[in-house]
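I have placed the structure first, in the form of structure tokens, so that the comments after it can refer back to it.
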Number of protein chains: 2
Amino acid sequence: MVVSFAQIREEYPGVFSESCPTRVVLDHVMSKWGVLVLLALTDGTIRWGDLRRKVDGISEKMLASTLRTLETDGFISRTSYPEVPPRVEYSLTSLGDALMERMLPLMEWVAANADDITAREKPARCGPSEA
Amino acid sequence: MVVSFAQIREEYPGVFSESCPTRVVLDHVMSKWGVLVLLALTDGTIRWGDLRRKVDGISEKMLASTLRTLETDGFISRTSYPEVPPRVEYSLTSLGDALMERMLPLMEWVAANADDITAREKPARCGPSEA
DNA sequence: CTGCATCCTCTCGGATACTG
DNA sequence: CAGTATCCGAGAGGATGCAG
């Protein structure tokens, strides 16, 4: 690994420590659903129901739970309109924006390489190469 | 969110789909221990025992499991020396290197901001501000 | 529409003991 | 030293029903 990128260990020698706050934040933003919810929010403000439909496979429980965690962390903001039926909108805060600025390059790389990576594990992923 | 960063949704509209390979890779590299193991490997080649001691709190089971997953994905390489006692070394592959190139900026940002983020949740984290 | 409460399942992950 | 095998508890996470 290039040295210039590995300086995190010098600046933050405690990142490997069990008690490091980094662990907590990492668990939130890099959780199975946290990543996808945050990514969905890079689109801009979005309603609860739209979010649920957008993040394929997420349950209501996990969506609510994930949103609350990320809101507590300060990554997203929740706006509730006193209407009936209710309308609630979520969006990234400036902190969340800063986070995603670093996360998106990683996501794009993963999205671009995921096929090749998983393909190597399952001999034939789709095409009838030798069946 | 700045538009230039949000183009992942246009290029990879399937990232939100449950069956997208991205989900699998994401689960591996952004898992609780996957991140830390990969980060530890940015130091360069390292032995099994050193790795275990470095990543504070990881069990033998999870270390072995994490390493096998990441090796299968092609992010790390395993070199076993036919000696006694045995010696096994792990290091990043070029693929793993490319991954960490995108991951480290994120990690550094998280490490730099984790204190503030978690501090907001626990009114006083260390200092006797008002107790 | 936007959640919360409950129940229940299943996997993650820790502890321990054992092998080459 | 570098793992594997087994057991087991805790918590993640899904399904359903209900409330505001």
Side-chain angles (χ1 to χ4, degrees), chain A residues 16-20 23-38 40-41 43 45-73 76-91, chain B residues 16-20 23-38 40-41 43-73 76-91 121:
Chain A
F16 291 115
S17 163
E18 183 124 41
S19 57
C20 183
R23 291 254 179 127
V24 179
V25 179
L26 242 33
D27 275 356
H28 293 177
V29 304
M30 305 187 94
S31 68
K32 175 182 169 86
W33 299 118
V35 178
L36 293 171
V37 167
L38 284 168
L41 285 172
D43 247 343
T45 301
I46 185 175
R47 297 187 56 170
W48 198 88
D50 292 332
L51 199 48
R52 169 148 168 59
R53 252 166 276 118
K54 183 162 196 166
V55 181
D56 188 30
I58 195 171
S59 67
E60 295 186 352
K61 179 183 175 180
M62 290 318 296
L63 178 56
S65 162
T66 302
L67 285 171
R68 248 184 292 112
T69 299
L70 293 177
E71 192 196 357
T72 305
D73 285 342
I76 67 179
S77 67
R78 176 184 184 277
T79 310
S80 172
Y81 297 88
E83 306 170 352
V84 51
R87 181 165 58 101
V88 181
E89 294 184 342
Y90 293 89
S91 61
Chain B
F16 291 115
S17 162
E18 182 124 40
S19 57
C20 182
R23 291 255 181 127
V24 179
V25 179
L26 242 33
D27 276 356
H28 293 176
V29 303
M30 305 190 94
S31 68
K32 175 182 169 93
W33 298 118
V35 177
L36 293 170
V37 167
L38 284 167
L41 286 172
D43 247 343
T45 300
I46 185 173
R47 299 185 55 168
W48 199 89
D50 292 332
L51 199 48
R52 170 149 166 58
R53 250 165 278 119
K54 182 161 197 168
V55 181
D56 188 32
I58 195 172
S59 66
E60 295 186 352
K61 178 184 175 179
M62 290 317 296
L63 178 56
S65 161
T66 302
L67 285 171
R68 249 184 290 112
T69 300
L70 293 176
E71 192 196 358
T72 306
D73 285 342
I76 67 180
S77 67
R78 176 184 184 277
T79 309
S80 172
Y81 297 89
E83 307 170 353
V84 50
R87 181 163 59 101
V88 180
E89 294 183 343
Y90 293 89
S91 60
E121 294 161 31

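This structure is a prediction, so every number in the text was calculated from the model and none was measured. Just so we're on the same page: letters track the sequence lines, and every chain starts at 1.
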Q | Distance, rounded to the nearest Å, where L63(A) contributes CG and dT2(C) contributes C1' | A | 10 Å
Q: Give Y90(A) one of three labels, base, sugar-phosphate or nothing, depending on what nucleic acid heavy atoms sit under 4.0 Å from its own.
A: sugar-phosphate
Q) CE of M62(B) versus C1' of dA15(C): gap in Å, rounded? A) 14 Å
Q: Measure the distance from CD on E71(A) to P on dG3(C) and round it to the nearest whole Å.
A: 10 Å
Q: Flag the pair V88(B) / T79(B) as yes when at least one side-chain heavy-atom distance between them is below 4.5 Å, and no otherwise.
A: no
Q: Could you list where the contact with chain B starts and ends along DNA chain D, reading 5' to 3', using a 4.0 Å heavy-atom cut-off?
A: dC1(D) to dC7(D)
Q. Going by heavy atoms in the side chains, are W48(A) and R78(A) under 4.5 Å from each other?
A. no
Q: Report the distance from atom CG of D27(A) to atom C1' of dC12(C), rounded to the nearest whole Å.
A: 12 Å
Q: Side chain of V88(A) only, please: which of dT2(C), dC4(C), dC1(C) is the nearest?
A: dT2(C)
**Q.** E71(A) versus Y90(A), side-chain donor and acceptor atoms under 3.5 Å
**A.** no
Q) With Watson-Crick and G-U wobble geometry limited to distances under 3.5 Å, how should the secondary structure of DNA chain D be encoded in dot-bracket form, using | for bases paired to another strand and [ ] for crossing pairs? A) ||||||||||||||||||||
Q. Could you state the CG-P distance from L67(A) to dG3(C), rounded to the nearest angstrom?
A. 8 Å
(Q) Under a 3.5 Å distance rule, please check whether S65(B) uses its side chain to pair with a backbone N or O of K61(B) as donor and acceptor. (A) no
Q: Please report, rounded to the nearest Å, how far the P atom of dC12(C) is from the CE atom of M30(B).
A: 18 Å
**Q.** Most 5' of W33(A) and R47(B) on DNA chain D, judged by nearest nucleotide
**A.** R47(B)
Q | First of E18(A) and W48(A) reached from the 5' end of DNA chain C, by closest nucleotide | A | W48(A)
**Q.** Separation of atom CD in E60(B) from atom P in dG13(C), rounded to whole Å
**A.** 16 Å
Q: Could you tell me whether the side chain of I76(B) reaches within less than 4.5 Å of the side chain of L38(B), counting heavy atoms only?
A: yes
Q) Hey, does the side chain of R47(A) reach the backbone of R87(A) with a donor-acceptor pair shorter than 3.5 angstrom? A) no
(Q) Show the nearest heavy-atom pair for residues L70(B) and G34(B), with the distance to one decimal. (A) CD1-O, 4.2 Å
Q: Check whether any side-chain N or O of T66(A) sits under 3.5 Å from a backbone N or O of M62(A) as a donor-acceptor pair, and report yes or no.
A: yes
Q. Rounded to the nearest Å, what distance is computed from the NZ atom of residue K32(B) to the C1' atom of nucleotide dT11(C)?
A. 15 Å
(Q) For K61(A) and R68(A), find the nucleotide of DNA chain C closest to each by heavy atoms; which residue's nucleotide sits nearer the 5' end? (A) R68(A)
Q | Close side-chain approach of L67(A) to V37(A), heavy-atom, < 4.5 Å | A | yes
